[in-house]
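Let me give you the structure first, and then I'll get to my questions.
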Amino acid sequence: MLSNLNPSQREAVDCRKNLLIVAGAGTGKTKTIVSKICHYISLGIVMPDEIIATTFTNKATQEMHSRIKSEIGDDVDLISIGTFHRLSLKIVQNHAKLLNIEGCNLIAYEDQAQVMRKVLSNIKNKDIKPSHALETVQRAKEKNDYASLNHTYANIAYAYNDMLREMNALDFADLISKTIELWRNHKDILDHYRKKYKLICVDEYQDINDAQYEWISLLSCDDNQICCVGDPDQSIYSFRGSNMSHILNFTRDFKNSEKIVLEENYRSTDKIISNSNHLISKNKNRIEKFLVSTLKSDELVDIFVGMHGKEEAFEICRIIAKIKSKEEVKSSIALLFRTSTNMHLFEEALLNANIKYSIVGSVQFMDRAEIKDAVSYVRFLSNPNDFFAFSRMIQAPKRGIGSATVAKISENASSNIEDKIRGVLDSFTSRTKNKLSEFLAQWERWRSILSKDLSDSKKLRKIMEIIVNESGLYESLESDRKENVDKWLETLDSFEDPESYVNHILWNNLKADDEHDVKLMTVHAAKGLEFDYVFLPVFEDGIFPHSRSFENIEEERRLAYVALTRAKKKLFITYAQSRVFQGRYMNAQPSRFIREMDSKSLQFQSFKHKTLAGKKVYHEEFGYGTIEESGMQCAKVCFGSVSKVVDIKKLVECD
DNA sequence: GCACGCCGGATTTTT
DNA sequence: TCCGGCGTGC
């Protein structure tokens with residue numbers, strides 16, 4: 001196992017102190033941590049159940065789990081691997097009584113916003129947006145620090161927490177803070193966990209927040225070992241509470257500790273790495289390191305300039321088609337964006353060019369209104385106390401029961417919603433009363449079908465097909481929305497009951513895409529991934545770096561660094577001189593980051609193919625002009641005293 | 001209760 | 001330009 005490690009990786013595996021592994025992009029970070037865990041187990045230094053390992057996402061959990069499994073087999077299941085939240089959930093559940101928590105109902109993200117909306121309307125505050133309030137409160141909860149809030153927000157935070165408590169619900173941040181509360185107030189329980197876990201591993205240490213730091217600090221003691229892995233140059237989540245000062249201060253924070261830096265990159269060519277090094281070296285707040293690529297290549301990093309965004313998209317498609325037409329059908333190709341709103345244009349172009357693509361990340365499918373509606377039925381089947389699910393479901397499709405009726409129902413004290421309805425039934429007008437009774441009867445019938453087919457492995461799908469039709473939801477939708485619901489029904493096949501499905505969507509993102517598809521995603525979503533060919537479109541100042549982050553330029557630079565280091569074979573950076581932005585034409589400037597790259601590894605290209613420069617043309621709107629530059633789609637034309645970039649199809653040639 | 005139209009805003013988002 | 005929230009009027 002150790003034979004295919006390089007010297008620094010091996011040193012990290014052999015180190016018996018508290019350890020920080022600073023692992024640059026593509027330096028075998030996961031390999032090292034997995035080797036360390038397996039090595040410890042094989043030497044008998046720790047038993048599998050004496051290890052706790054935290055990851056950043058559920059996907060990363062699966063990845064670590066499967067890599068350890070391939071080394072040590074089923075013993076992997078004895079190791080506590082998971083995200084902070086999932087591990088905390090287990091701990092909180094184990095000590096629910098002590099924490100005064102009845103059941104541990106996790107609240108879904110969109111319901112948090114709903115709660116916040118209610119809080120704000122209760123205190124009659126119309127100036128603060130719910131999303132903003134939620135963000136602020138969330139940050140404070142993640143820091144475990146309400147003192148940083150001003151008076152108004154502190155009140156909002158307390159009211160929000162009160163309402164969650166009333167609902168018997170926990171949000172994600174609560175999972176962490178409840179665990180901390182437990183450990184702080186009950187030394188015996190903390191000691192139990194400190195003794196239990198001899199080795200604590202933390203992945204993505206550069207992106208932990210203050211609460212998570214406290215969680216780790218409490219668990220770490222003289223009798224156990226902590227091993228954190230991360231890369232301060234890839235800290236890109238400060239907007240949601242990540243605090244990279246923890247990784248910078250590691251050796252100060254943890255006694256008897258060491259730092260090992262991995263700098264040998266096995267992913268990208270030397271040109272890509274030298275470019276990335278150049279860029280990131282402009283940051284001041286970092287741990288100095290210099291990646292060295294093990295792959296020599298003559299291929300430079302290409303920078304393409306388009307006249308217009310449309311041309312940029314069109315030309316990227318041409319390059320992709322060219323790559324695919326060579327023997328490289330199996331190559332992985334990705335377009336990485338600073339903002340997801342920029343993807344549209346490129347989606348369209350890929351569609352036109354007949355290139356298969358998929359959008360990765362943001363749960364767009366699950367975010368669609370009709371899917372949320374359908375899911376709300378499953379949620380209500382799974383939890384008869386889930387008021388949010390109920391209130392969404394009862395109003396989709398429209399049944400003549402609206403928000404006023406729902407609000408009245410919510411006031412009934414009973415926690416079971418069917419009881420709630422029955423309790424207030426008589427206070428409604430006969431019209432509403434009839435509609436509600438009708439619904440109750442229908443719901444009881446659906447529930448009984450569900451409990452009848454105990455042995456059917458596809459019963460969730462079956463019952464949802466019945467519900468979607470009988471409720472009238474399906475009928476109420478337009479045809480493309482119907483198709484979405486059809487697709488969604490297919491995804492239910494692998495679930496037996498509503499509970500397992502609800503559990504699944506809470507912890508996993510549904511993603512099914514072809515691995516040969518061209519991938520479109522944000523740079524954030526691409527963290528941890530790698531592709532043979534990477535395109536960075538819309539590499540323009542104001543977009544990347546984003547104008548709203550100019551004051552946090554180092555994080556933008558890290559984000560660009562993450563983007564650059566995703567590429568294995570070849571990197572294309574593209575931008576356009578003008579594009580439609582928020583509904584209007586804008587002139588664009590290339591990203592300042594291009595100037596910060598290694599000019600020796602860069603190659604400036606142009607999309608111009610056949611030049612029409614000098615030709616006299618006529619344009620419907622702007623009149624007569626002379627072409628200055630031309631591309632495949634657009635041309636820069638001088639009309640009198642002004643130059644404009646226009647669609648080539650709109651030009652008529654004249655003599 | 002609900003449809004419709006106006007207005008404002010438009011970075012990144014997992015757990 | 002496009003989407004979602006909110007207010008109005010039936």
Side-chain angles (χ1 to χ4, degrees), chain A residues 54-61 82-89 106-110 112-114 117 120-121 126 129-132 134-135 138-139 141-142 170-177 204 207-209 211-212 215 235-242 336-345 361-364 366-369 394-408 428-429 431-432 435 476 505-509 521-528 538 542-552 555-556 558-560 562-563 579-586:
Chain A
T54 74
T55 63
F56 197 61
T57 63
N58 287 305
K59 207 173 142 196
T61 299
T83 59
F84 279 101
H85 299 89
R86 215 191 254 240
L87 294 167
S88 299
L89 176 64
L106 264 183
I107 183 167
Y109 178 75
E110 62 258 35
Q112 279 179 277
Q114 213 55 45
R117 207 161 285 144
L120 290 172
S121 85
K126 285 187 175 174
K129 287 199 304 184
S131 58
H132 182 253
L134 192 58
E135 195 99 319
Q138 213 63 26
R139 286 302 84 80
K141 287 183 91 162
E142 277 157 6
L170 297 176
D171 66 14
F172 282 103
D174 284 331
L175 294 175
I176 312 286
S177 60
E204 307 281 11
D207 276 324
I208 63 162
N209 63 40
Q212 290 163 334
W215 195 102
S235 170
I236 55 175
Y237 280 99
S238 74
F239 69 93
R240 75 180 209 221
S242 296
L336 307 183
F337 298 87
R338 175 63 182 86
T339 70
S340 43
T341 44
N342 279 321
M343 285 183 203
H344 280 109
L345 183 65
S362 62
V363 255
Q364 285 177 355
M366 298 301 286
D367 279 345
R368 310 192 83 106
I394 196 77
Q395 297 179 79
K398 305 276 182 253
R399 291 182 169 84
I401 298 167
S403 49
T405 308
V406 169
K408 222 171 187 178
F428 291 114
T429 58
R431 202 184 88 106
T432 313
K435 303 241 184 211
S476 72
I505 53 170
L506 195 58
W507 292 110
N508 300 286
N509 321 317
M521 65 183 97
T522 63
V523 179
H524 284 91
K527 191 167 98 157
V538 206
I543 300 290
F544 207 163
H546 199 277
S547 53
R548 295 177 74 160
S549 291
F550 282 161
E551 74 288 351
N552 191 2
E555 176 140 324
E556 290 290 303
R558 289 193 292 271
L559 197 51
V562 168
R579 72 175 63 250
V580 179
F581 183 69
Q582 293 180 355
R584 57 188 69 203
Y585 269 87
M586 300 282 284

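If you're wondering where the values come from, they're calculated on a predicted model, not measured in any experiment. Throughout, a chain's letter reflects where its sequence line sits, starting with A, and its residues are numbered from 1.
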Is it the case that the base of dT14(B) and the side chain of Arg240(A) share a donor-acceptor contact (distance under 3.5 Å, atom types as modelled)? yes
Distance check needed: dT15(B) C1' versus Ile208(A) CD1, whole Å only. 15 Å
Is any side-chain N or O of Asn58(A) closer than 4.0 Å to OP1 or OP2 of dT15(B)? yes
Which listed nucleotide (dT15(B), dT14(B), dT12(B)) is nearest to the side chain of Thr522(A)?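 The answer is dT12(B), which lies nearest to the side chain.
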Suppose we screen for side chain to side chain donor-acceptor pair (under 3.5 Å). Which residues come up paired with Thr57(A), at least two apart in sequence or across chains?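 Counting only residues at least two positions away or on another chain, Thr57(A) forms no side chain to side chain donor-acceptor pair (under 3.5 Å).
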Residues two or more places apart in sequence or in another chain: which of them pass side chain to side chain donor-acceptor pair (under 3.5 Å) with Thr522(A)?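 Here no residue qualifies.
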When all nucleic acid strands are considered with a 4.0 Å heavy-atom cut-off, which category describes Phe84(A): base, sugar-phosphate, or nothing?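 Nothing, no heavy atom under 4.0 Å.
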To the nearest angstrom, the CG-P distance between Asp171(A) and dT14(B) comes to 16 Å
Find the distance Asp207(A):CG to dT13(B):P and express it as a whole number of Å. 13 Å
With sequence neighbours excluded, residues passing side-chain contact (heavy atoms from CB on, under 4.5 Å) with Thr339(A): Thr341(A), Asn342(A), His546(A)
Set of side-chain contact (heavy atoms from CB on, under 4.5 Å) partners for Lys435(A), sequence neighbours left out: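 Lys435(A) satisfies side-chain contact (heavy atoms from CB on, under 4.5 Å) with Ile401(A), Arg431(A) once adjacent residues are dropped.
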Go through the structure and list residues passing salt bridge (Lys or Arg N to Asp or Glu O under 4.0 Å) with Arg558(A), not counting sequence neighbours.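 Listed in chain order: Glu555(A).
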Give a yes/no verdict on base stacking between dT12(B) and Phe239(A): centres under 5.5 Å, planes within less than 30° of parallel. yes
Parallel, tilted or perpendicular, as decided by the 30° and 60° cut-offs, for the rings of His85(A) and Phe172(A): perpendicular
Whole-Å distance between dT13(B) P and His85(A) NE2?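 Distance, rounded to whole Å: 17 Å.
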Distance, rounded to the nearest Å, where Phe56(A) contributes CZ and dT15(B) contributes P: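 Taking CZ of Phe56(A) and P of dT15(B), I get 8 Å after rounding.
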How would you label the contact of Ser549(A) with the nucleic acid (heavy atoms, under 4.0 Å): base, sugar-phosphate, or nothing?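 Base contact.
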Whole angstrom value for the distance that separates P of dT13(B) from CD of Glu204(A):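 So the two atoms are 15 Å apart, to the nearest Å.
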Using a strict cut-off of less than 4.0 Å between a Lys/Arg side-chain nitrogen and an Asp/Glu carboxylate oxygen, indicate whether Arg338(A) and Glu556(A) qualify as a salt bridge. yes
I need the CG-P distance between Asp174(A) and dT14(B), as an integer number of Å. 19 Å
I need a per-nucleotide contact map over nucleotides 1-6 of chain C, read 5' to 3'. Cutoff is protein heavy atoms under 4.0 Å; write B for the base, S for backbone only, - otherwise. B-----
For Tyr585(A), enumerate each residue passing the ring-ring contact (aromatic ring centres under 6.0 Å, His included) test, keeping only those at least two apart in sequence or located in another chain.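 With sequence neighbours excluded, Tyr585(A) shows a ring-ring contact (aromatic ring centres under 6.0 Å, His included) to His308(A), given in chain and number order.
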What is the distance from CG of Leu336(A) to P of dT12(B), rounded to the nearest Å?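 That distance rounds to 14 Å.
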Just the table, please: protein N/O against nucleotides 1-6 of chain B N/O, every pair under 3.5 Å.
| from | atom 1 | to | atom 2 | distance (Å) |
| --- | --- | --- | --- | --- |
| dG1(B) | OP1 | Thr405(A) | N | 3.4 |
| dG1(B) | OP1 | Thr405(A) | OG1 | 3.2 |
| dG1(B) | OP2 | Ala404(A) | N | 3.1 |
| dC2(B) | OP1 | Gly400(A) | N | 2.8 |

Residues which pass side chain to side chain donor-acceptor pair (under 3.5 Å) with Ser88(A), listed by chain and number, not counting sequence neighbours: Trp215(A)
